[in-house]
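Can you read through this structure? Questions will come right after.
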2 protein chains.
Amino acid sequence: MKAEPVKDEDESKGRRLKGGDAQKLTMAEVAKYVGVSAMTVSRAFRQDASVSEETRKRIMEAVDALGYVLDLSAGSLSSRRSGFIAALVPSINNSNFSDTARGITDALENTGLQLLLGYTDYSAEKEEKLIEAMLRRRPEGIILTGGSHTDRARRMLDKAGIPVVETWEIPEEPINHVVGFSNSEAMSLLVRTLASQGYRRFGYIGGTTARDTRGSQRRSGFLKTVEELGLGPGRAISFGVPPITMEQGGQAVMSLLERWPDTEVVLCVSDLSAFGAIMECKRRGMRVPRDIAIAGFGDYEISSICHPSITTINVDCYGIGRQAAVRLLDALQAGGEATGDEITLTGYRVVLRESTDRGAR
Amino acid sequence: MKAEPVKDEDESKGRRLKGGDAQKLTMAEVAKYVGVSAMTVSRAFRQDASVSEETRKRIMEAVDALGYVLDLSAGSLSSRRSGFIAALVPSINNSNFSDTARGITDALENTGLQLLLGYTDYSAEKEEKLIEAMLRRRPEGIILTGGSHTDRARRMLDKAGIPVVETWEIPEEPINHVVGFSNSEAMSLLVRTLASQGYRRFGYIGGTTARDTRGSQRRSGFLKTVEELGLGPGRAISFGVPPITMEQGGQAVMSLLERWPDTEVVLCVSDLSAFGAIMECKRRGMRVPRDIAIAGFGDYEISSICHPSITTINVDCYGIGRQAAVRLLDALQAGGEATGDEITLTGYRVVLRESTDRGAR
DNA sequence: CTTCAAATTGTTATCGATATCATCCTGCCC
DNA sequence: GGGCAGGATGATATCGATAACAATTTGAAG
């Protein structure tokens, strides 16, 4: 029984050029086509529901033939499960955070959950707006970057009654779950490692304001440790609005060296600014690490490739995302069973490379 | 009239720790609280709807007091407008594409539309799956990267009856709207520009398979142009599965130079591989551009900072995203009024930098 | 003081799926 | 053969908002 080709003479002008004829195709119509109830079609779309193999096959053939696409917005209303997970990162142009986003997406694969991604541009106000926008979609869980949020954001999150995971740092007052590490201690470790290699006069480059909380934690970790080692006071330059760019890294290292010409090693808030600093030094004829040693933070791809390769702190960006998603999934699985609000510490390690190589001096 | 603090003695154990009491807060309850109908509350949430200023103010105060958050999944069902725009990019870790994503997001700001972002990992199969997943959310429009899609994907898109924008290249058979440029011609321009500076023996580095259609277009543009200039045959190395990494760029340039030691200039499918190539050359003691000139494609941030800075093709990544979103908004505005399926060409330009500087040779 | 149009608000039906419970059927066991 | 478990399917109410239309109020013009 084939459908007869219909001559639609009068349909050609005022209409859209697209195959919009199926726009209102609904589950009920698929059901009618197959000769079952809509409920059975609905069940056929889920693997666990009990539908005989034969019925499911017929339904799926019809779905294929008609070109039906499930409508989740209708489904989520009645099932009261949106199928969304929301995640907010400061920036998607930063490969550290896009790695985290990738980790989340990958962990969500085959769970039937979809990621709603937003970027806050390092602003708590924008984060607040985004949280509200996200909550309007009734996500089943939400992943945030960092632990500093506006009061209203905290209230909204609390009221939403969904699991929250804060990532990339250890907030003083966690909302719920945490997957991250101490940026301050990580930077401290880097300082101590370099100090143990004989470096004494430490400089630091980072952004100015407090917008980037991870950045300021790294800075305070630096200052504290330099002090503790009796090498203080630390020589810290603030340059530009976070996130500090490669170019600003170059400018910053120059003003640092102008102010403290005998600096031996410069630590940067991220590999990106470290890269900018190194390139600027080379451009000016300085040798790295012979004349000045430079280290970064984050272990971006660039740092192992760059010549000289850049000493840095490796952070498990992808793993942070992946684990954050897994914790969320666990919490959802547990349902209301109040899983303990645990803190999952993720690893980091110093990666020593050419840019701080003592032997090359 | 303040709410009295309630002592909930028996609530402390079996329950979630979170403030889940408001989970079932609905528009009707806000309406009852204020003393209006749910419809009026609904109207108050939209700026254009006619509600007296005073009523809106009272409603918004109640919304604030109760902590009500609009439920868009319910709204989109009845209004038949999901408020979503879907966009698929090959990778979010690539700053070119994340710039495009940013362009889309920015253009969508204050339109009430939200971005559903997915990454295809350069795979048409994954794209097909993602398109289906996206269409289940009934997006009002969809932005794709490139013009090669599976048949089923094309059918689904056609049937969906929503505007489609293909970006980043000029497909032979566009589905609908296009915002992009000819990767082949852009690469051709780079070849001609360098040839006019006196370069004669051209090499090319790119990925192997046809997964990255933009990559293969650049390659064919390279080969064709070298041929046309009488400088053929082009020396092209295929290395690794696209997207080719920085590290692979370094390996590729070495095998290229091993095979054709007298190559004067190497063009790379992207700045990332060009960077890897340059760094590997420097590591081996070769001077760039004195011993070998290298150029990239895409004008990533790294290329202007790197020493030597990298000659490349600047592409308006952000603008591609922005314009794609604008075209979509136009199409939505026009409604069924079949706006012409136009091709919007975005600009590109050669950026000559140190890595191909003839004077330095 | 009418009258009518515009502004404001309310009522009801509906969007398209799923939860829930009811029903039907099959086959197995005693 | 009766009874019953359990798998497969159907009927109906419902999720929470908005569309569409009705009703009411307000104000200005005549």
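Residue numbers start from 1 in every chain, and the chains themselves are labelled A, B, ... in the order their sequence lines are given, proteins ahead of strands.
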query: Would you say a side-chain N or O of A/Arg43 is under 4.0 Å from OP1 or OP2 of C/dT20?
result: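 Checking C/dT20 against A/Arg43, no side-chain N or O comes under 4.0 Å of OP1 or OP2.
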message: Do B/Arg58 and B/Tyr33 form a cation-pi contact, if we require the NZ or CZ to be under 6.0 Å from the six-membered ring centre and within 45 degrees of the ring's axis?
response: no
query: In whole Å, what is the span from the CD atom of A/Glu53 to the C1' atom of D/dT9?
result: 15 Å
query: Which whole-number value in Å describes the distance from A/Arg138 CZ to C/dA17 P?
result: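 Nearest whole value for this atom pair: 21 Å.
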- prompt: Within this structure, what is the CG-to-C1' distance between A/Leu77 and C/dA19, rounded to whole angstrom?
  reply: 12 Å
- request: Hey, could you give me each pair passing salt bridge (charged side-chain N to carboxylate O under 4.0 Å, His left out) that has a residue in residues 108-131 of chain A? Not counting sequence neighbours.
  value: A/Glu128-A/Arg152
query: B/Ala324 and B/Thr167: which non-hydrogen atoms are nearest, and at how many Å?
result: CB-CG2, 3.8 Å
message: Is there a side-chain contact between B/Thr26 and the phosphate of D/dA17, meaning an N or O under 4.0 Å from OP1 or OP2?
response: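 So the side-chain polar atoms of B/Thr26 do come within 4.0 Å of the phosphate oxygens OP1 or OP2 of D/dA17, strictly under.
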message: Categorize B/Ser37 for me: base, sugar-phosphate, or nothing, with a 4.0 angstrom heavy-atom threshold over every strand shown.
response: base
query: Counting any heavy atom closer than 4.0 Å, what does B/Thr55 reach on the DNA or RNA strands: base, sugar-phosphate only, or nothing?
result: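 Sugar-phosphate only.
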field: Interatomic spacing from CD1 in B/Ile143 to CG in B/Leu115 - rounded to 0.5 Å
entry: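 Result: 7.5 Å between the selected atoms.
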message: What's A/Val36 touching, base or sugar-phosphate or nothing? Going by heavy atoms closer than 4.0 Å.
response: sugar-phosphate
message: For D/dA17 and B/Ser73 - does any side-chain N or O of the residue sit under 4.0 Å from the phosphate oxygens OP1/OP2?
response: no
query: In whole angstroms, how far is the P atom of C/dC15 from the CE atom of B/Met27?
result: 19 Å
- prompt: Quick one: does NZ or CZ of B/Arg102 land under 6.0 Å from the six-membered ring centre of B/Phe97, within 45 degrees of the ring axis?
  reply: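 No, B/Arg102 and B/Phe97 do not form such a contact.
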- prompt: Between D/dA8, C/dA17, D/dA17, which nucleotide has the shortest distance from any of its atoms to the side chain of B/Ser78?
  reply: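 Between D/dA8, C/dA17, D/dA17, the one nearest the side chain of B/Ser78 would be D/dA17.
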message: Base, sugar-phosphate or nothing for B/Phe45? Non-hydrogen atoms, less than 4.0 Å.
response: nothing
- request: Kindly say if A/Tyr68 contacts the phosphate of C/dG16, meaning a side-chain N or O under 4.0 Å from OP1 or OP2.
  value: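 Indeed not, no polar side-chain atom of A/Tyr68 lies that close.
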- prompt: For the pair made of CE in A/Met39 and P in C/dC21, what is the distance, rounded to whole Å?
  reply: 13 Å
- request: Using a heavy-atom cut-off of under 4.0 Å over every strand shown, decide if A/Ser50 touches base, sugar-phosphate, or nothing.
  value: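 Base contact.
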- prompt: Would you say C/dA17 has OP1 or OP2 under 4.0 Å from some side-chain N or O of A/Ser79?
  reply: no
message: Using 0.5 Å steps for rounding, measure from the OH atom of A/Tyr68 to the CD1 atom of A/Ile59.
response: 11.5 Å
query: If you pin A/Ala38 and B/Ala74 to their nearest nucleotides in DNA chain C, which one's is more 5'?
result: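 Nearer the 5' end of the strand: B/Ala74.
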message: What's B/Arg56 touching, base or sugar-phosphate or nothing? Going by heavy atoms closer than 4.0 Å.
response: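 Nothing, no heavy atom under 4.0 Å.
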query: Can you check the B/Arg136 CZ to C/dG16 P distance for me, whole Å?
result: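 Roughly 17 Å, once rounded to whole Å.
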query: Hey, does B/Arg46 reach any base, or is it just sugar-phosphate, or nothing, if we go heavy atoms under 4.0 Å?
result: sugar-phosphate
field: OP1 or OP2 of C/dG16 under 4.0 Å from side-chain N/O of B/Arg80
entry: yes
task: Would you mind reading off the distance between B/Asp71 atom CG and D/dT14 atom P, rounded to a whole angstrom?
output: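 So the two atoms are 18 Å apart, to the nearest Å.
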message: Can you measure B/Lys32 atom NZ to C/dT9 atom P for me and round it to whole angstrom units?
response: 20 Å
